[in-house]
Amino acid sequence: AKQDLIRYLDCMGTTKQHVASELRQEAQQLVQAKSWSTSLVVCAEVAEWQDFPTFDRWVSNSLQDLEELVGLVVFHPRFARWPSLPAEMVEGSRVMAFYQECD
């Protein structure tokens, strides 16, 4: 197995500013990596992000610069933008997945 392809980080920051700083630092490390890699950064300590809409607004308004550097995919345990699958989605349906092209 190749080393350092996936990094797991627990961001202990309790403010949006601290988390943003850590995310930007990690993005820079990914850009400088010698091979393709992935980082999973868990940011569970920002109290106001317990509410999904608040978290979603912050991501949408505060991390645009990271989209220029890395493929950013965010997760939240209370994600509620698409609350259910479309009715036509059944077992065996084709599902398209996200991918990032590099120039």
Side-chain angles (χ1 to χ4, degrees):
K2 294 183 179 181
Q3 300 258 341
D4 299 324
L5 292 180
I6 301 177
R7 289 172 33 99
Y8 302 91
L9 300 116
D10 190 5
C11 174
M12 300 306 290
T14 58
T15 67
K16 297 179 283 190
Q17 295 80 9
H18 185 183
V19 170
S21 175
E22 286 201 29
L23 291 175
R24 286 184 176 86
Q25 287 175 14
E26 187 60 23
Q28 286 298 326
Q29 286 209 0
L30 287 169
V31 169
Q32 296 169 5
K34 294 179 182 169
S35 63
W36 288 93
S37 58
T38 298
S39 294
L40 173 63
V41 183
V42 178
C43 308
E45 303 300 323
V46 181
E48 62 192 285
W49 286 350
Q50 297 301 315
D51 174 58
F52 172 73
T54 301
F55 170 78
D56 192 42
R57 274 191 305 278
W58 181 79
V59 168
S60 297
N61 297 323
S62 302
L63 301 178
Q64 298 91 349
D65 60 314
L66 292 184
E67 295 285 350
E68 297 292 322
L69 297 174
V70 297
L72 181 66
V73 180
V74 298
F75 298 93
H76 190 282
R78 293 192 178 102
F79 176 80
R81 187 176 299 133
W82 307 298
S84 64
L85 294 172
E88 63 272 9
M89 184 69 63
V90 296
E91 186 174 332
S93 293
R94 175 177 262 174
V95 177
M96 303 300 286
F98 168 82
Y99 72 96
Q100 178 103 12
E101 289 187 33
C102 292
D103 297 327

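Because only heavy atoms are used, hydrogens play no part in the values below, and waters and symmetry mates are left out as well, while side chains stay in.
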*What residues, two or more places apart in sequence or in another chain, satisfy side-chain contact (heavy atoms from CB on, under 4.5 Å) together with Phe75?*
Val73
_Tell me whether Val41 shares a hydrophobic cluster with Met12, the cluster being built from Ile, Leu, Val, Met, Phe, Trp, Tyr side chains joined at under 4.5 Å._
no
_Could you report the tightest heavy-atom contact between Gln64 and Ser60, atom names first, then the distance?_
NE2-O, 2.7 Å
*Shortest non-hydrogen contact from Pro53 to Asp51?*
CD-OD1, 3.3 Å
*Indicate the atoms forming the closest heavy-atom contact of His18 with Thr15, along with that distance.*
N-OG1, 3.1 Å
*Should we count CD of Glu68 as having more than 12 external heavy atoms under 6.0 Å?*
no
*asked:* Between Leu69 and Leu30, is there a side-chain heavy-atom distance shorter than 4.5 Å?
replied: no
*Decide yes or no for Glu26 and Arg7: does some side-chain heavy atom of the first lie under 4.5 Å from some side-chain heavy atom of the second?*
yes
*Can you name the salt bridge (Lys or Arg N to Asp or Glu O under 4.0 Å) partners of Asp10, sequence neighbours left out?*
none
*Sequence neighbours left out, what passes ring-ring contact (aromatic ring centres under 6.0 Å, His included) with Trp58? Give chain and number order.*
Trp49
*asked:* Would you say Thr54 and Glu48 are linked by a side-chain donor-acceptor pair, where the criterion is simply a distance under 3.5 Å?
replied: no
_Minimum-distance pair of heavy atoms, taken over all atoms of Val19 and Gly13_ = CG2-O, 4.1 Å
*asked:* Under the rule for salt bridge (Lys or Arg N to Asp or Glu O under 4.0 Å), what residues qualify as partners of Arg57, not counting sequence neighbours?
replied: none
*Provide the closest heavy-atom pair for Leu9 versus Ser39 in the form atom of the first, atom of the second, distance.*
CD1-CB, 4.2 Å
*side-chain hydrogen bond (donor to acceptor under 3.5 Å, both in side chains) partners for Thr14, two or more places apart*: none
_For His76 and Phe55, take the angle between the two ring planes, folded into 0 to 90°, and tell me which bin it lands in: parallel under 30, tilted 30 to 60, perpendicular over 60._
tilted
*asked:* For Ser35 versus Leu5, what's the shortest heavy-atom pair and its separation?
replied: OG-CD2, 3.9 Å
*In chain order, what residues pass the salt bridge (Lys or Arg N to Asp or Glu O under 4.0 Å) check against Glu22, with sequence neighbours excluded?*
none
